[in-house]
Amino acid sequence: MRRLSTRIGILLMIGAAGGALSGCTRLNGHQGYVVDVDLVNSVQPGVDNRASVVQVLGKPTLTGQFDSDASGEAREYYYISRDTRFYAYNSPRPRVQTVLRVRFDDKGVVTAVDRTGIEQVASINPYGKTIPTLGRHRTFFEDLFGNIGTVGSGLPPGANQGGGGRDTP
């Protein structure tokens with residue numbers, strides 16, 4: 001009986017260790033467009049138009065927001081693909097990123113196909129736990145009690161009332 005309980009204990013410890021180590025497994029992820037090099041290379045500037053690009057590459061991930069032609073169509077299509085690598089307890093980090101930009105002229109004909117990679121990924125490090133803002137720096141109690149006496153007076157919060165009371169200017 002003692003041998004059986006020892007074996008069960010060992011098996012439970014091995015199972016617990018295996019479960020704990022599975023959280024340390026590196027995970028790979030993919031987000032966005034799946035790039036097919038042959039299809040991308042088949043898009044030719046001066047030959048293809050918007051309809052043929054959508055037929056070959058599919059619907060774009062996003063379109064240009066600030067530049068459109070006379071008909072209101074976007075002049076740029078973006079196809080974005082990102083491969084990430086991470087552990088179960090970390091945030092994903094980009095390993096490979098490809099941005100394919102297809103540009104069109106006023107007639108909807110492809111003028112250029114550009115590719116960029118991971119070098120365009122920006123790393124943003126927030127400033128602590130607070131966001132620096134312009135303006136007045138107030139304490140917690142000034143924020144909490146700052147509106148007393150100004151509600152209904154027509155003055156903006158924090159404005160000096162000049163020493164008068166309710167009926168005195």
**Student:** For S42 and D48, which heavy atoms make the closest approach, and how far apart are they?
**Tutor:** O-OD2, 3.4 Å

**Student:** Consider only side-chain heavy atoms of I, L, V, M, F, W and Y, link residues closer than 4.5 Å, and tell whether V56 and V109 are in one cluster.
**Tutor:** no

**Student:** P94 and side-chain contact (heavy atoms from CB on, under 4.5 Å): which partner among R85, R82, Q31?
**Tutor:** R82

**Student:** Please give me the minimum heavy-atom distance between G64 and A74, naming the atom from each residue.
**Tutor:** O-CB, 3.6 Å

**Student:** If you group Ile, Leu, Val, Met, Phe, Trp and Tyr by side-chain heavy-atom gaps below 4.5 Å, do V102 and V40 land in one group?
**Tutor:** yes

**Student:** Honestly curious: do V113 and V54 fall in one hydrophobic cluster under the side-chain, below-4.5 Å linking rule?
**Tutor:** yes

**Student:** Return the minimal non-hydrogen interatomic distance between R50 and D105, and the atom names on each side.
**Tutor:** NH2-O, 4.2 Å

**Student:** Honestly curious: do V43 and V99 fall in one hydrophobic cluster under the side-chain, below-4.5 Å linking rule?
**Tutor:** no

**Student:** Provide the closest heavy-atom pair for P92 versus T84 in the form atom of the first, atom of the second, distance.
**Tutor:** CB-CB, 4.0 Å

**Student:** What's the shortest heavy-atom distance between E76 and F104, and which atoms?
**Tutor:** N-CD1, 4.4 Å

**Student:** Evaluate the side-chain proximity of D106 to R75: yes if any heavy-atom separation is below 4.5 Å, no if none is.
**Tutor:** yes

**Student:** Applying the 4.5 Å side-chain criterion to the ILVMFWY set and letting contacts propagate, would V96 and I118 be lumped into a single cluster?
**Tutor:** no

**Student:** T61 side chain to I80 main-chain N or O, any donor-acceptor pair under 3.5 Å?
**Tutor:** yes

**Student:** Within the supplied structure, the quantity of interest is the number of heavy atoms (other residues, nucleotides, ligands) at a distance under 6.0 Å from R95 CZ; does it exceed 12?
**Tutor:** yes

**Student:** Under the ring pair (Phe, Tyr, Trp, His ring centres under 6.0 Å) rule, what pairs show up with a residue in residues 27-61, not counting sequence neighbours?
**Tutor:** Y33-Y79

**Student:** Search all heavy atoms of R103 against all heavy atoms of D114 and return the closest pair with its distance.
**Tutor:** NH2-OD2, 3.0 Å

**Student:** Determine whether L100 and L57 satisfy the following criterion, side-chain contact (heavy atoms from CB on, under 4.5 Å), listing intermediate values before the conclusion.
**Tutor:** CA-CA 11 Å; L100 178 69; L57 298 178; 4.0 Å; yes

